[in-house]
Amino acid sequence: QVQLVESGGGLVQSGGSLRLSCAASGNIFRVNTMGWYRQVPGKQREEVADITKGGRTNYAESAKGRFTISRDNSKNTVYLQMNSLKPEDTAVYYCNADLIVYGGYEKNYWGKGTLVTVSS
C-alpha cells in the first residue's frame with residue numbers, strides 16, 4: 001500500500017519561512033511527477049508547484065519567486081521551501097504524486113495534508 005506523508009506545517013508570522021516535506025512509501029517501483037496543492041475551506045484545491053522525476057518544475061503564479069520545490073529521488077521525497085509567507089498562503093497543503101507500484105501501472109496518490117497558518 002502506498003502512503004504519502006507530509007510534515008513541516010505549522011504557524012508562522014507573515015514574512016517567515018517554512019519547509020514542507022512529503023515522503024512516499026510502500027511497494028513503489030517508480031515515482032514520476034510530484035507536487036504540492038493547497039486548499040482553503042470553501043474553495044477548490046489549487047496546485048502550488050510540481051516537479052518531474054527529471055527535475056523540471058512548474059509553479060503557480062502565486063508561488064513564483066517565493067516558493068521552491070525540490071525532490072530527492074533516492075528517498076522518494078518532495079520538498080516545498082516557502083519564503084516570504086503571506087496570510088493568504090494559509091491553507092492545508094497536500095502532497096500529490098504520480099507513481100507506479102511493482103506489478104502495477106501509474107496512478108495518482110494524495111497525502112492527508114498539513115496545515116500552514118500564516119499570521120499577520
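In this chain, numbering begins with 1 at the start of the sequence shown.
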**Q** Let me see the working for Ser119 and Leu11 under side-chain contact (heavy atoms from CB on, under 4.5 Å), right down to the final yes or no.
**A** CA-CA 7 Å; Ser119 63; Leu11 174 64; 4.3 Å; yes
**Q** Would you name the heavy atoms of Asp89 and Arg66 that are closest together and state the gap between them?
**A** OD2-NH1, 2.7 Å
**Q** Please determine whether side chain to side chain donor-acceptor pair (under 3.5 Å) holds for the pair Asp72 and Thr77, giving the CA-CA distance in whole Å, both sets of side-chain angles, and the decisive distance to 0.1 Å.
**A** CA-CA 5 Å; Asp72 184 337; Thr77 298; over 6 Å; no
**Q** Quick one: does Tyr93's side chain get under 4.5 Å of Glu6's, heavy atoms only?
**A**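 Not touching, per the 4.5 Å side-chain cut-off.
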**Q** Measure the SG-NZ distance between Cys95 and Lys112 for me, rounded to the nearest 0.5 Å.
**A** 13.5 Å
**Q** Assess the residue pair Gln81 and Ser70 against the criterion (side-chain contact (heavy atoms from CB on, under 4.5 Å)); give the C-alpha distance rounded to whole Å, side-chain angles, the decisive distance to 0.1 Å, and a yes or no.
**A** CA-CA 8 Å; Gln81 177 66 43; Ser70 61; over 6 Å; no
**Q** Do Asn32 and Thr52 have side chains that get closer than 4.5 Å, going by heavy atoms?
**A** no
**Q** To the nearest 0.5 angstrom, please state how far the OG atom of Ser17 sits from the CZ atom of Phe67.
**A** 9.5 Å
**Q** Does the ring of Tyr79 carry Arg19 above it, NZ/CZ under 6.0 angstrom from centre and within 45° of its axis?
**A**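 Arg19 over Tyr79 ring: yes.
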**Q** Nearest 0.5 Å, please: how far is CH2 in Trp36 from CG in Asn96?
**A**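 The CG atom of Asn96 sits 10.5 Å away from the CH2 atom of Trp36.
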**Q** Are Val2 and Ile28 packed together at the side-chain level, in the sense that at least one heavy-atom pair is separated by less than 4.5 angstrom?
**A** yes
**Q** Return the CG to CG distance between Leu99 and Asn76, rounded to the nearest 0.5 Å.
**A** 8.0 Å
**Q** With rounding to the nearest 0.5 Å, note down the distance linking CD in Glu106 to CG in Asp98.
**A** 4.5 Å
**Q** Taking all non-hydrogen atoms of both residues into account, name the closest pair between Leu18 and Gly8 and its distance.
**A**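 Here Leu18 and Gly8 meet closest at CD2-O, 3.8 Å.
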**Q** For the residue pair Gly9 and Val116, what are the closest heavy atoms and their distance?
**A** CA-CG2, 4.2 Å
**Q** Does a salt bridge link Arg56 with Asp50, judged by any charged N lying under 4.0 Å from a carboxylate O?
**A**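 Here Arg56 does not pair with Asp50 in a salt bridge, since their nearest N and O are not under 4.0 Å apart.
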**Q** Val101 and Tyr109: side-chain contact (heavy atoms from CB on, under 4.5 Å), yes or no, with the steps?
**A** CA-CA 11 Å; Val101 298; Tyr109 294 85; 4.1 Å; yes
**Q** Which heavy atom in Ser14 sits nearest to a heavy atom in Pro87, and how many Å separate them?
**A**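 Closest approach of Ser14 to Pro87, heavy atoms only: OG-CD, 3.7 Å.
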**Q** Within a 6.0 Å radius of atom NZ on Lys75, are there more than 12 heavy atoms belonging to other residues, nucleotides or ligands?
**A** no
**Q** Side chains of Cys22 and Val5, heavy atoms from C-beta outward: is any pair under 4.5 Å?
**A** no
**Q** Are Arg38 and Glu46 ion-paired here, with the side-chain N under 4.0 Å from a carboxylate O?
**A** yes
**Q** Does any N or O in the side chain of Thr90 come within less than 3.5 Å of the main-chain N or O of Val118, such that one atom is a donor and the other an acceptor?
**A**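 Yes: the side chain of Thr90 pairs with the backbone of Val118.
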**Q** Mind checking whether Tyr105 and Ile100 have side chains closer than 4.5 Å, heavy atoms only?
**A** no
**Q** Taking the side chain as every heavy atom from C-beta outward, state whether Met34 and Lys53 have any atom pair closer than 4.5 Å.
**A** no
**Q** Less than 4.5 Å apart, any side-chain heavy atom of Tyr94 and any of Leu4?
**A** no
**Q** Can the ring centres of Tyr102 and Phe29 be said to be less than 6.0 Å apart?
**A** yes
**Q** A quick test of your reading: do over 12 heavy atoms of other residues, nucleotides or ligands sit less than 6.0 Å from CD of Gln3?
**A** no
**Q** Determine the minimum heavy-atom distance between Asn58 and Glu47, stating which atoms define it.
**A**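 Closest pair (atom of Asn58, atom of Glu47, distance): ND2-OE2, 4.1 Å.
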**Q** Hey, mind stepping through Val40 and Glu88 against side-chain contact (heavy atoms from CB on, under 4.5 Å) and telling me if it holds?
**A** CA-CA 9 Å; Val40 175; Glu88 51 263 43; over 6 Å; no
**Q** To the nearest 0.5 Å, how far apart are OG1 in Thr33 and CZ in Arg71?
**A**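 Answer for the OG1-CZ pair, Thr33 versus Arg71, is 7.0 Å.
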**Q** Flag the pair Val92 / Tyr37 as yes when at least one side-chain heavy-atom distance between them is below 4.5 Å, and no otherwise.
**A**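 No, too far: nothing below the 4.5 Å cut-off.
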